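For reference, the structure is listed below as structure tokens.
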Amino acid sequence: ANNIRVGIVGYGNLGRGVEIAISKNPDLTLAGIFTRRDPKSLTPASKTPVYAYDEMSNFKDDMDVMILCGGSATDLPVMSPEIAGSFNIVDSFDNHSKIPDHFAAVNKAAEESGKVAVISVGWDPGLFSLNRLLGEIVLPQGDTFTFWGEGLSQGHSDAVRRIEGVKKAVQYTVPIEEVLQEAREGKGADLTSAQRHKRVCYVVADEKDQARIEQEIKTMPDYFAPYDTTVNFISEEEFNKNHTKMKHGGVVIRSGKTSEEHKETVEFSLNLDSNPEFTASVLVAYARAAFRLNQEGGKGAKTAFDIPFAYLTPKSHAQILKDLL
Ligand SMILES: NC(=O)C1=CN([C@@H]2O[C@H](COP(=O)(O)OP(=O)(O)OC[C@H]3O[C@@H](n4cnc5c(N)ncnc54)[C@H](OP(=O)(O)O)[C@@H]3O)[C@@H](O)[C@H]2O)C=CC1
Ligand SMILES: N[C@@H](C[C@H]1CC(C(=O)O)=NO1)C(=O)O
């Protein structure tokens with residue numbers, strides 16, 4: 001069978017991660033990279049052709065799926081509905097409070113175009129979402145806890161970088177240790193994510209802009225406003241020395257009871273050396289599924305909840321029955 005031809009839209013941490021992940025999947029071919037910057041300014045390691053974002057409509061017959069690697073704060077709300085009007089897409093949209101609106105907008109475009117648009121996949125939302133749902137299904141009487149970090153959130157880091165005057169920025173998410181320990185004993189179920197985590201930013205910006213930038217970060221709805229947030233302004237030298245790693249991880253815990261006498265816990269945890277490379281590996285699996293679903297006549301927006309794992313694997317159905325069941 002011919003390989004699935006994949007396009008990358010947006011060449012940042014995630015875009016570079018997808019470039020690597022595709023090379024690990026022999027049934028996929030990276031057919032092009034689309035950027036809003038000058039294509040000649042980018043030199044992909046894989047030597048894949050780089051095109052201007054505005055040229056995308058010329059490639060409708062050349063790309064089976066587009067993996068959108070833009071930022072959730074300001075790029076994907078515009079790009080995902082727009083590109084789903086012409087291509088099968090996958091995105092990692094992670095502004096949780098806005099996911100229902102994003103689903104509706106993308107679904108409208110994809111239903112009209114007859115394409116499949118897989119949204120909000122990666123690890124959270126994505127694999128953690130699947131485990132939150134599974135925990136409720138198998139332990140209907142219980143509580144679910146999600147913790148992230150300590151590590152670099154790409155969504156929050158991207159959101160800070162979009163603030164006028166920010167030259168470089170990262171955001172680390174720090175779980176509150178005592179709350180995490182209590183969760184393992186099933187306590188604190190009604191706490192919010194903001195009561196479970198602190199957020200710590202490191203920003204490179206001119207002195208004259210710093211007070212405004214700090215204020216914009218701390219009051220940013222959804223991303224920072226509910227949280228105890230610290231903003232540290234540092235030199236570019238210190239940033240380049242200490243803040244280029246993108247480790248992250250976390251855990252979803254379901255703590256419940258199957259009867260008065262018996263309690264159980266389900267845990268799913270991640271320990272990531274590279275948040276972008278891991279997320280990219282998930283996106284690439286969902287690109288395979290988007291293409292297959294569309295080939296079967298599927299269309300519209302889908303989430304991780306809507307797609308059976310058999311669509312994600314390069315292995316045949318017979319193979320997974322034999323190897324993994
Ligand atoms: N669901 C999940 O589990 C996860 C989701 N994510 C999501 O992935 C999103 C993208 O993260 P990430 O790749 O780290 O973001 P980046 O800031 O690295 O890239 C975002 C976009 O900015 C542009 N860009 C990148 N580098 C530069 C540069 N040097 N100068 C100018 N523009 C640049 C690129 O678009 P262009 O090439 O067009 O210029 C790129 O697509 C996050 O916003 C987050 O929401 C991330 C991890 C997990
Ligand atoms: N979407 C997150 C993935 C996880 C990490 C996270 C956080 O630290 O707040 N929330 O979800 C990311 O962009 O890294």
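Read the numbers this way: they start at 1 and go in the same order the structure lists the ligands and their atoms. A quick note: this is a predicted structure, and the numbers were derived from the prediction, not measured.
Considering backbone and side-chain atoms alike, Gly155 places an N or O below 3.5 Å from some N or O of ligand 2. Between Leu14 and ligand 1, at least one pair of N/O atoms sits closer than 3.5 Å. The shortest N or O to N or O distance between Gln154 and ligand 2 is below 3.5 Å. On a distance-only criterion, His248 and ligand 2 share at least one N/O pair closer than 3.5 Å. No N or O atom of Gly15 sits closer than 3.5 Å to an N or O atom of ligand 1. Taking any N or O of Asn275, backbone or side chain, at least one lies under 3.5 Å from an N or O belonging to ligand 2.
For ligand 1, the atoms sitting less than 4.0 Å from at least one non-hydrogen atom of Asp158 are 17 (O), 43 (O), numbered in the order shown with element in parentheses. The ligand atoms of ligand 2 that sit less than 4.0 angstrom from a heavy atom of Asp94 are 1 (N), 2 (C), 12 (C), 13 (O). Interface of His156 with ligand 2, defined as ligand atoms under 4.0 Å from a residue heavy atom, comprises 9 (O). Of all atoms in ligand 1, listed by their number and element, those nearer than 4.0 Å to a heavy atom of Asn275 are 47 (C), 48 (C). The atoms of ligand 1 that sit less than 4.0 Å from any heavy atom of Thr35 are 36 (P), 37 (O), 38 (O), 39 (O). When each atom of ligand 1 is checked for a heavy atom of Gly155 under 4.0 Å away, the hits are 42 (C), 43 (O), 44 (C), 45 (O).
Using a 4.5 Å heavy-atom threshold, the side chains of Tyr223 and Thr229 count as separate. Considering only heavy atoms from C-beta on, Thr303 stays 4.5 Å or farther from Ser129 through its side chain. Contact check for Val231 versus Val160: no side-chain heavy atoms found under the 4.5 Å cut-off. Using a 4.5 Å cut-off on side-chain heavy atoms (C-beta onward), Ile253 and Arg184 make contact. Residues Ser86 and Met56 have side chains not in contact (no heavy-atom distance under 4.5 Å, counting atoms from C-beta outward).
At distances below 3.5 Å, not a single donor-acceptor pair connects side-chain atoms of Asp94 with backbone N or O atoms of Ser72. Judged purely by atom type and a 3.5 angstrom limit, Gln195 uses its side chain to pair as donor or acceptor with the backbone of Thr192. Judged purely by atom type and a 3.5 angstrom limit, Asp38 uses its side chain to pair as donor or acceptor with the backbone of Lys40.
No chain of hydrophobic side-chain contacts below 4.5 Å, direct or via other Ile, Leu, Val, Met, Phe, Trp or Tyr residues, connects Trp123 to Phe145. In the hydrophobic clustering of this structure, Tyr227 does not group with Tyr172; members are Ile, Leu, Val, Met, Phe, Trp, Tyr whose side-chain heavy atoms approach within less than 4.5 Å, directly or through other members.
When the options Ser41, Gly12, Gly70 are ranked by their closest heavy atom to atom 10 (C) of ligand 1, first place goes to Gly70. Nearest to atom 20 (C) of ligand 1 by heavy-atom distance, out of Lys168, His248, Arg161, Arg162, is Arg162. With atom 8 (O) of ligand 2 as the reference point, the heavy atom nearest to it among Leu272, Asn95, Thr173 is part of Thr173. Nearest to atom 1 (N) of ligand 1 by heavy-atom distance, out of Gly71, Pro125, Ala159, is Pro125.
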Test ring-ring contact (aromatic ring centres under 6.0 Å, His included) on Phe278 and His248; report intermediate values, then the result. CA-CA 10 Å; Phe278 181 82; His248 212 348; over 10 Å; no

For Val138 and Arg254, what are the C-alpha separation, side-chain angles and deciding distance, and is it a side chain to side chain contact (heavy atoms under 4.5 Å, CB included)? CA-CA 9 Å; Val138 297; Arg254 179 72 177 174; 5.8 Å; no

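Scanning all protein heavy atoms for the shortest distance to atom 11 (O) of ligand 2 gives Asp124 O, 3.1 Å. Of the protein's heavy atoms, Asp94 OD2, 3.3 Å lies nearest to atom 44 (C) of ligand 1. Shortest contact from atom 18 (O) of ligand 1 to any protein heavy atom: Asn13 N, 2.9 Å. Looking only at protein heavy atoms, the nearest one to atom 47 (C) of ligand 1 is Gln154 OE1, 3.2 Å. With respect to atom 3 (O) of ligand 1, the closest heavy atom belonging to the protein is Trp123 N, 2.7 Å. Summary of contacts: the protein heavy atom closest to atom 23 (C) of ligand 1 is Arg36 NH2, 3.8 Å. The nearest heavy-atom contact from the protein to atom 32 (N) of ligand 1 is Arg37 NE, 3.6 Å. Thr279 CG2, 3.7 Å is the protein heavy atom nearest to atom 4 (C) of ligand 1. The closest protein non-hydrogen atom to atom 7 (C) of ligand 1 is Ser92 OG, 3.2 Å.
Within the 4.0 Å heavy-atom criterion, neither part of Phe128 lies near ligand 2. Under 4.0 Å from ligand 1, heavy atoms of Ser72 appear from its side chain as well as its backbone.
Scored by the salt bridge (Lys or Arg N to Asp or Glu O under 4.0 Å) test, Arg288 finds Asp27 as partners (sequence neighbours excluded).
Using a 4.0 Å heavy-atom cutoff, Gly126 is absent from the residues neighbouring ligand 1. Taking a 4.0 Å cut-off on heavy atoms, Leu76 fails to register as neighbouring ligand 1. Under a 4.0 angstrom heavy-atom cut-off, Arg199 registers as being in contact with ligand 2. Within the 4.0 Å heavy-atom cutoff, Tyr11 counts among the residues contacting ligand 1.
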